[in-house]
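Values below: all heavy atoms of this structure, side chains included; hydrogens, waters and symmetry mates excluded. Numbered from 1 within each chain, the chains take letters A, B, ... in sequence-line order.
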Amino acid sequence: MLSRDGFQKTMAIVDADQVLETRSAPSRAATSQIRFGRAEYYLSILGKPSASDLWMVQFGGHHLAINVTLAARQSVLTPTHTGTQPASYAIDGRTIRPLGDENDKAFALVNALTPEQQKQAILSFEVRNLVLGPGTDGKTIAPEGVRASTLPPAQRTMLVDLIREWVEILGDEAAAAKMKEIESGLGETYFAWAGPTTNGKGAYFRIQGPAVMIEYAPQGPADNNTDHIHTIYRDPTNDYAARSARR
Amino acid sequence: MKNFTLAVVLLSLSIARDTAAHQLDEYLQATRLALGHNHIQLEIDLTPGAAIAPIVLARLDRDGDNTISPAEAATYGRLVLGDLILKFDDRSIVTNLTHVEVAPIDALRDGVGVIQIRAIGGVVTDVRRRHHIYFRNNHEPGISVYLVNALAPDDGNVRVVAQTRNSSQQQARIDYDIGARWPAQVLWFVFGTGGLLMLAMVRPRRRRLS
């Protein structure tokens, strides 16, 4: 169901949560109901597994909600939430950044824009959380930022490569079909940015197209927001395989 | 399919629990605005962090019985609306509460509960004109983080042409263009009504001539 990279990313998020649990548990009040870590992640099957009807697989916990809706031969990954805290940790001497590629590719893209393109892409206000987070299924906001149709091929390739970080959590065949759909609407896709453009600092970004909505939102005030990230990946036309459900 | 729909609802709630867990000491206030033919719709989602939840709960649970009654929820909804400034083409708009939904009190205490407020205000949208909405949220400014966005219009003839906010998103101005289909619809109505009236006048005469 998930790609090899998607599975690794998923497990890296779960491991980050275990690190958070280890760090935060000693200072937590004994009466607190809050728990993090591997033990707080659940696999659920919704509906009856079927080759023809809709059903779903969910794997999630704190900072993760992988939702795969299966409709006949289709697999739909939206809406899916990824997040991490801490954003970087070490296991066996290896540094792990669960959402590091998303962060680095986005910073590379914003820095590849010309000053004129940056003027369009960079919003003049702070964005401190996800705009289309929980409770906003089916909502579409007016797009902002720089339109991909105005970008040269090299920058468009960088944008597509950034989008892959979410889409390719899913297995190869389903991800390829989704990427084809997203690329066909690339001309009407927008890239918006809020915050500093120096990698290592926290910045919000959003990719919005006809069949994709991705947000990456560091949590907390601007001077302390690099260690806690929330992201959401949606398809305004097909969350929970809504197109198949309507048929 | 019914089971699947129920499952999706449950799933949405589980996503809400995951992603709503944000900064403990912030009151996240997210507003979405939509301009319709003769109204502005407001969707306001309020998520108090666990550390400031007692401040919000003191205003919500007025009788302190650890449950939020529909009356208490509506009173809080109107309190929030009273803290907003909403103008359409520089004229103040009165908003009416249409819906308020409050998460269970334990979820609010844990910082994962959302208060959903929906409201509507009447406006007159002249055709073929540029209009603008001014919005400012003065609710709990000392502890709040704001988001404000224009929803993509459902009507293809309404277009968002610009959104400007201050740095904290506590206030915004949204500029709209109203396209040409609205006058065309009005013209069709006028011509249609006129045509029917003429038919009604002509038909009796024909009968008399024969």
Ring geometry between A:F191 and A:W193 (parallel below 30°, tilted from 30 to 60°, perpendicular above 60°):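 Tilted.
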What class does the angle between the rings of A:Y216 and A:W166 fall in, given that below 30° is parallel, 30 to 60° is tilted and above 60° is perpendicular?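 A:Y216 and A:W166: perpendicular rings.
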Checking heavy atoms, do the side chain of B:D106, its backbone, both or neither come under 4.5 Å from chain A? neither
Among A:E144, A:K139, A:Q85, residue most engaged with chain B (heavy-atom pairs, under 4.5 Å):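 Of A:E144, A:K139, A:Q85, A:E144 has the most heavy-atom pairs under 4.5 Å with chain B.
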Does the gap between the ring centers of B:Y76 and B:H139 come in under 6.0 Å? yes
So for A:T136, is it side chain, backbone, both, or neither that comes closer than 4.5 Å to the heavy atoms of chain B?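 Contact with chain B is through the side chain of A:T136 alone.
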Counting only non-hydrogen atoms closer than 4.5 Å, does A:P236 touch chain B with its backbone (N, CA, C, O), its side chain (CB onward), both, or neither?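 Contact with chain B: none, neither part.
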Around atom CZ of B:R59, are there more than 12 heavy atoms of other residues, nucleotides or ligands at under 6.0 Å?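 Not buried by this count: 12 neighbours or fewer within 6.0 Å.
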Most chain A-contacting option - heavy-atom pairs closer than 4.5 Å, from B:A152, B:A162, B:A30, B:P153: B:A152
Quick check for you: among B:V160, B:I174, B:T164, B:L147, which has the greatest number of heavy-atom pairs under 4.5 Å with chain A?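 So the answer, after comparing B:V160, B:I174, B:T164, B:L147, is B:L147.
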Are the charged groups of B:R165 and A:E126 less than 4.0 angstrom apart, N to O?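 Judged by the 4.0 Å cut-off on N to carboxylate O distance, B:R165 and A:E126 do not form a salt bridge.
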